[in-house]
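Residue numbering restarts at 1 for every chain, and letters A, B, ... go by the order of the sequence lines. On a predicted model such as this, the values are computed, not experimentally measured, just so you know.
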Number of protein chains: 2
Amino acid sequence: MEESRYAVASKLYVAVDCIIFGFDDGELKLLVFNRQLEPLKGMWSLIGSFVLANESAEAAGKRVLQEFTGLDDIFMEELKTYSEVERDPGARCISIGQYALIRLTEKNTNLAAQYGAKWFEVSKLPDLVLDHNIMVKDALHRLRNVAQFYPIGLELLPKKFTIPQLQRLYEELFQKKMDTRNFRKKLLSLNILIQLKEKDKSGSKKGAFLYEFDYTKYRKLKNKGFSFSLFKI
Amino acid sequence: MEESRYAVASKLYVAVDCIIFGFDDGELKLLVFNRQLEPLKGMWSLIGSFVLANESAEAAGKRVLQEFTGLDDIFMEELKTYSEVERDPGARCISIGQYALIRLTEKNTNLAAQYGAKWFEVSKLPDLVLDHNIMVKDALHRLRNVAQFYPIGLELLPKKFTIPQLQRLYEELFQKKMDTRNFRKKLLSLNILIQLKEKDKSGSKKGAFLYEFDYTKYRKLKNKGFSFSLFKI
DNA sequence: TATAATAAATGTAATAATTACATTTATTAT
DNA sequence: ATAATAAATGTAATTATTACATTTATTATA
């Protein structure tokens with residue numbers, strides 16, 4: 001098509017905003033950024049960026065994630081676009097929400113802190129700029145939805161984790177206590193866990209066996225989906 | 001925020017493209033548009049539009065759907081954005097894919113035809129412009145995914161439909177034959193169907209009872225999801 | 001008016017998954 | 001040796017899924 005066809009339409013600012021989840025201490029957390037520049041200095045905000053002329057939205061999201069966490073292999077998926085005319089009083093700007101799941105480490109936590117970013121418990125989030133609180137709500141909703149039909153955990157938990165830890169992730173996400181016997185039975189039946197010889201003794205005197213995900217089987221299950229029934233709806 | 005902040009970023013063209021599904025004659029169909037203007041005259045394309053300065057992406061999608069079908073209460077959901085730098089050789093343009101499900105009627109079919117649009121069987125789609133074939137593939141994938149965990153049919157079938165018709169929709173979507181006894185049993189167990197006194201005799205001598213969806217229950221089930229198991233995966 | 005043809009409608013037994021529920025085990029600290 | 005703690009385990013009852021073949025209602029035709 002020729003450029004002239006397009007000339008009649010107006011161009012818009014296009015941004016990405018990342019809704020970044022982590023899991024630590026039995027708590028689901030979200031990384032938010034404290035603006036250190038005017039305008040809106042001191043306000044909390046999701047981490048985002050404009051989509052530049054020479055990059056895709058996905059690339060923009062990855063760029064921002066890399067910058068704030070130092071990681072370049074982060075799980076990230078598009079959530080939805082936010083395009084209400086008045087959503088940004090500064091200028092007409094649509095934003096593509098992307099949610100990301102990251103494995104918290106000391107290293108990436110420190111880097112984030114340097115950038116003025118902070119991990120908040122999802123249940124204790126401050127007010128965020130613009131429509132960012134809505135984005136978080138939508139992302140949480142999506143995450144719950146995903147976890148209902150697809151395995152979750154590989155991206156959020158440390159490489160080696162215990163079954164009680166995994167259960168806490170599910171309980172936190174769904175805000176429900178689950179039965180340990182049934183949880184264990186179901187998770188093991190999925191055939192995506194590899195039991196290690198080691199134990200993690202930080203949580204109890206007895207210690208809990210460490211597990212790893214079987215990456216290949218995890219991916220397969222994530223492709224086909226299943227019904228994750230751990231409690232009556 | 002002040003306009004100056006934004007001045008450094010470049011603006012992009014933002015479009016929506018609608019992936020419009022219908023179901024008729026036991027076939028899943030897609031509405032595509034034959035460009036009647038240069039450039040690319042005669043090429044098949046999804047129906048789309050630029051997002052205008054004074055409307056949201058959702059509004060742009062609804063506007064286009066209304067124009068081509070005369071309907072203003074169409075089920076439409078965002079699929080994903082397409083933002084590869086080179087996706088449109090005419091100019092840098094991102095597109096928000098939206099998929100829609102419509103109930104085919106003579107009236108809206110005629111209107112579409114007036115606009116040079118045509119319903120193709122999904123399995124016999126022509127080549128489409130740009131990345132539109134990919135959008136269709138993604139939308140089909142999404143539709144299958146949705147149908148695996150949520151009820152489907154209300155938006156695609158006529159208000160009154162038979163169970164065999166509904167089964168054909170599922171069989172078509174998943175490209176699998178299903179057992180009529182199990183299908184019926186499962187669907188009825190969901191409690192979203194209301195049996196009418198009338199029969200549709202167009203398909204057989206015996207005739208099949210017509211049903212309607214119980215809209216409220218359908219919506220509830222769509223909110224919470226379920227596991228739709230009609231065949232072994 | 002009996003018969004053939006056709007798709008719709010139905011039932012059941014075997015298997016698998018989910019649910020509800022309480023005790024024992026391994027370890028550390030005292 | 002004992003107490004304390006979270007981890008790990010088993011089972012029976014219920015519910016859902018699967019596999020599979022015959023009967024039924026109706027129309028068209030012989």
Round to the nearest Å and state the distance from [X] atom [atom1] to [N] atom [atom2].
| X | N | atom1 | atom2 | value |
| --- | --- | --- | --- | --- |
| F183(A) | dT18(C) | CZ | P | 13 Å |
| E198(A) | dA7(D) | CD | C1' | 17 Å |
| I163(A) | dT9(D) | CD1 | C1' | 12 Å |
| L187(A) | dA8(D) | CG | P | 13 Å |
| Q165(A) | dA6(D) | CD | P | 15 Å |
| E171(A) | dA6(D) | CD | C1' | 14 Å |
| K177(B) | dA19(D) | NZ | P | 17 Å |

Do [X] and [Y] meet the criterion of a side-chain donor-acceptor pair at a distance under 3.5 Å?
| X | Y | answer |
| --- | --- | --- |
| D138(A) | Y82(A) | yes |
| E78(A) | T81(B) | yes |
| E155(A) | Y218(A) | yes |

Task: Residue among R142(B), E77(B), K80(B) satisfying side chain to side chain donor-acceptor pair (under 3.5 Å) with Y99(B) - done: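 Considering R142(B), E77(B), K80(B), a side chain to side chain donor-acceptor pair (under 3.5 Å) with Y99(B) is found only for E77(B).
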
Task: Residue list, salt bridge (Lys or Arg N to Asp or Glu O under 4.0 Å) with D214(B), at least two apart or on another chain - done: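 K217(B).
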
Open item on the list: So, using salt bridge (Lys or Arg N to Asp or Glu O under 4.0 Å) as the criterion, who are the partners of E171(B) when residues are at least two apart?
Closed with: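 For E171(B) the salt bridge (Lys or Arg N to Asp or Glu O under 4.0 Å) partners, ignoring immediate neighbours, are K177(B).
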
TODO: Give each stem of DNA chain D as a range with a range, requiring at least 3 consecutive Watson-Crick or G-U wobble pairs whose two distances are under 3.5 Å.
DONE: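 Counting only runs of 3 or more consecutive pairs, the stems involving DNA chain D are C:1-30 with D:1-30.
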
Task: Non-neighbouring partners of V122(A) that pass side-chain contact (heavy atoms from CB on, under 4.5 Å), sequence neighbours left out - done: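 If we apply the side-chain contact (heavy atoms from CB on, under 4.5 Å) test to V122(A), skipping adjacent residues, the hits are F21(A), L28(A), L30(A), L140(A).
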
Task: Residues that A208(B) engages under side-chain contact (heavy atoms from CB on, under 4.5 Å), provided they are two or more places apart - done: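 Per chain and number, A208(B) pairs via side-chain contact (heavy atoms from CB on, under 4.5 Å) with T162(B), P164(B).
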
Task: Sequence-aligned protein contact record of nucleotides 21-30 of chain C, with B where the base is within under 4.0 Å of a protein heavy atom and S where only the sugar-phosphate is - done: BB--BBBB--

